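These notes are about the structure you will find just below.
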Number of protein chains: 2
Amino acid sequence: MAKVTNTRLAILGAADRLLLERGFNGFSYKDISEPMGIKNAAIHYHFSTKEDLGVALFQRYREILRDRTAEFMSRGGNPVSQLEGYSQFILDSFAQRGEICPMGIMAAEFHTLPARMKKQAQLLVDEMIAWLEQVLELGRKEGAFHFEGPGRSKAIAVKSCLQGAAQLARVAGAEVLEEALAQIRRDLRG
Amino acid sequence: MAKVTNTRLAILGAADRLLLERGFNGFSYKDISEPMGIKNAAIHYHFSTKEDLGVALFQRYREILRDRTAEFMSRGGNPVSQLEGYSQFILDSFAQRGEICPMGIMAAEFHTLPARMKKQAQLLVDEMIAWLEQVLELGRKEGAFHFEGPGRSKAIAVKSCLQGAAQLARVAGAEVLEEALAQIRRDLRG
DNA sequence: GTCTATAACGTGATAGAC
DNA sequence: GTCTATCACGTTATAGAC
């Protein structure tokens, strides 16, 4: 693992924005290097291949998810505020920079991604579903959420809905995402 | 509008498969032409630019949607079988060829798409939501579906859920899509 | 009317300069 | 340790052959 430098972090930050805006096949090393005032080949020093860069990005998404949910997974936080926090994160990312969830982007381009990136994508999705399942099941036990069927199924449905709605919002307008979120809340109210 | 030839149709069919498998930025004219035994430049005779090809593809998705829903939009069919028909279409497309909904692909790559393709994507999403809203509202009126809030919000939520779930299924396995669909049915049962 | 040869450019990546 | 000059290749697109 390479040393963490400022340049490396700046590259990751720029790549993150570009990935969420344009997809993995929609940006090049030049898009990263030019605003930094260096040549595109300089990126190869920090990430030898674009696959390496992609893997690092996906690992970072997993770390972010882990950090934001660690305390919940271990000792059980407030399920309502957990779900609201996640929803707000999606809403803010979309409102501020038009960003949608990386998992949908990974899926759209899945069959063009190198093997190690696919693996990271799988881990990220599995971890996301596992966390949301815990949140929803605990919320149901406490009487805060109401739904039928397994918590895992509802977790998949809620995550899918938020992910898809942000995508539709990019095409058809921001209110689409707000309406979807309002509906999720209504449906969970029971 | 160019004459409809066999070659033109074959190109559209191949491009359709490639788009849904790899995304619009994930395939080239060569990927289309090589299996057909012609040079990649030959495609330019039928579709002068890749943008033209993309627009034709999106228009075709709109036509397919219109054909499948025309009779419902005009005189009102059975809402349950309409929704089940659409769900089954998504399920089959995924099971047979690993395909996901084009709207998610459009969204992931939206900011890299030429203007005329963006426009077609917007129309497709609007038409999809409008149709599903009618289906759900009529189903609620008939007592077949149960949900709170505006039909448009539920339509957005259901469409988003199916779209997102097919994406997650591509990454995490087909049962994810089946679980999401089961949950949608349970939630509509009320 | 249909397709091929070829151009013009952008891409990820290597080798080596400083 | 960090970056640049350059390469080999794939891309979309044009000009023109048949």
Side-chain angles (χ1 to χ4, degrees), chain A residues 1-19 21-58 105-106 108-118 120, chain B residues 1-19 21-58 105 108-109 111-118 120:
Chain A
M1 176 67 72
K3 197 184 79 173
V4 175
T5 63
N6 286 341
T7 306
R8 184 185 162 90
L9 279 179
I11 292 170
L12 273 174
D16 176 32
R17 299 292 182 91
L18 286 163
L19 173 72
E21 184 191 344
R22 305 169 59 86
F24 191 70
N25 296 327
F27 73 91
S28 76
Y29 272 24
K30 197 181 173 186
D31 296 322
I32 302 173
S33 63
E34 223 165 43
M36 300 176 64
I38 57 180
K39 298 293 172 186
N40 68 75
I43 309 294
H44 284 280
Y45 169 68
H46 302 276
F47 299 94
S48 353
T49 69
K50 203 182 175 190
E51 173 173 8
D52 288 322
L53 174 59
V55 169
L57 273 179
F58 285 13
I105 295 172
M106 294 167 187
E109 301 179 301
F110 195 68
H111 294 118
T112 74
L113 297 183
R116 283 159 53 226
M117 289 182 68
K118 287 185 187 172
Q120 289 296 322
Chain B
M1 175 68 69
K3 197 186 76 171
V4 174
T5 63
N6 286 343
T7 307
R8 186 187 161 90
L9 278 179
I11 292 170
L12 273 174
D16 176 31
R17 299 292 181 92
L18 286 163
L19 173 71
E21 184 191 344
R22 306 169 59 88
F24 191 70
N25 296 328
F27 74 91
S28 75
Y29 272 24
K30 197 180 174 186
D31 296 321
I32 302 173
S33 64
E34 223 166 44
M36 300 176 64
I38 56 180
K39 298 294 171 186
N40 68 76
I43 310 293
H44 285 280
Y45 168 69
H46 303 275
F47 300 93
S48 351
T49 69
K50 204 182 172 188
E51 173 173 8
D52 288 322
L53 175 59
V55 169
L57 273 179
F58 286 12
I105 294 170
E109 300 180 301
H111 294 116
T112 75
L113 297 182
R116 282 159 53 226
M117 290 182 68
K118 287 186 188 173
Q120 289 297 321

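Every chain is numbered from 1, with letters handed out A, B, ... down the list of sequences. All values reported here derive from a predicted model rather than from experimental measurement.
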How close or far is atom P of D:dT11 from atom CD1 of B:Ile32, stated in whole angstroms?
11 Å
Counting side-chain heavy atoms from CB outward, which of C:dG12, D:dT12, C:dT4 is closest to B:Ala42?
C:dT4
Check this one for me: any side-chain N or O of B:Ser28 less than 4.0 Å away from OP1 or OP2 of D:dT11?
yes
Keeping B:Tyr29 on the side-chain end and B:Ala42 on the backbone end, is there a donor-acceptor pair under 3.5 Å?
no
Rounded to the nearest angstrom, tell me the gap between atom CD1 in A:Ile43 and atom P in C:dG10.
18 Å
Tell me the interatomic distance from A:Asn6, atom CG, to D:dC3, atom C1', rounded to whole angstroms.
16 Å
B:Asp52 pairs by side chain to side chain donor-acceptor pair (under 3.5 Å) with which of B:His44, B:His46, B:Arg116?
B:Arg116
When you compare the side chains of A:Ser28 and A:Asn40, does any donor N or O come within less than 3.5 Å of an acceptor on the partner?
no
What contact category does B:Tyr45 fall into here, base, sugar-phosphate, or nothing, at under 4.0 angstrom with non-hydrogen atoms?
base
Write down the distance between CG (A:Asn40) and C1' (D:dT2), rounded to a whole number of angstrom.
15 Å
Listed nucleotide nearest any side-chain atom of A:Lys50, set C:dA13, D:dT12, D:dT4
C:dA13
If you count the non-hydrogen atoms of other residues, nucleotides and ligands that lie under 6.0 Å from NZ in B:Lys118, is the total more than 12?
yes
Atom CD of B:Glu109 and atom CD of A:Glu109: how far apart are they, to the nearest 0.5 Å?
5.5 Å
Counting only side-chain nitrogens and oxygens, does B:His46 get under 4.0 Å of the OP1 or OP2 atom of C:dC3?
yes
In whole angstroms, the gap separating C1' of D:dA13 from NZ of B:Lys39 amounts to 16 Å
Would you indicate what B:Phe47 reaches in the nucleic acid, counting non-hydrogen atoms under 4.0 angstrom: base, sugar-phosphate, or nothing?
nothing
Distance in angstrom units between B:Tyr29 OH and C:dT2 P, rounded
16 Å
Just the rounded figure in Å: distance from P of D:dT12 to CD1 of B:Ile11.
13 Å
Looking at the side chain of B:Thr49, which of D:dC3, C:dG12, D:dA13 is the nearest nucleotide?
D:dA13
Nearest-neighbour nucleotide for the A:Ala41 side chain, C:dA13, C:dT4, D:dC3 considered
C:dA13
Can you tell me how far C1' of C:dA8 sits from NE2 of B:His44, to the nearest Å?
13 Å
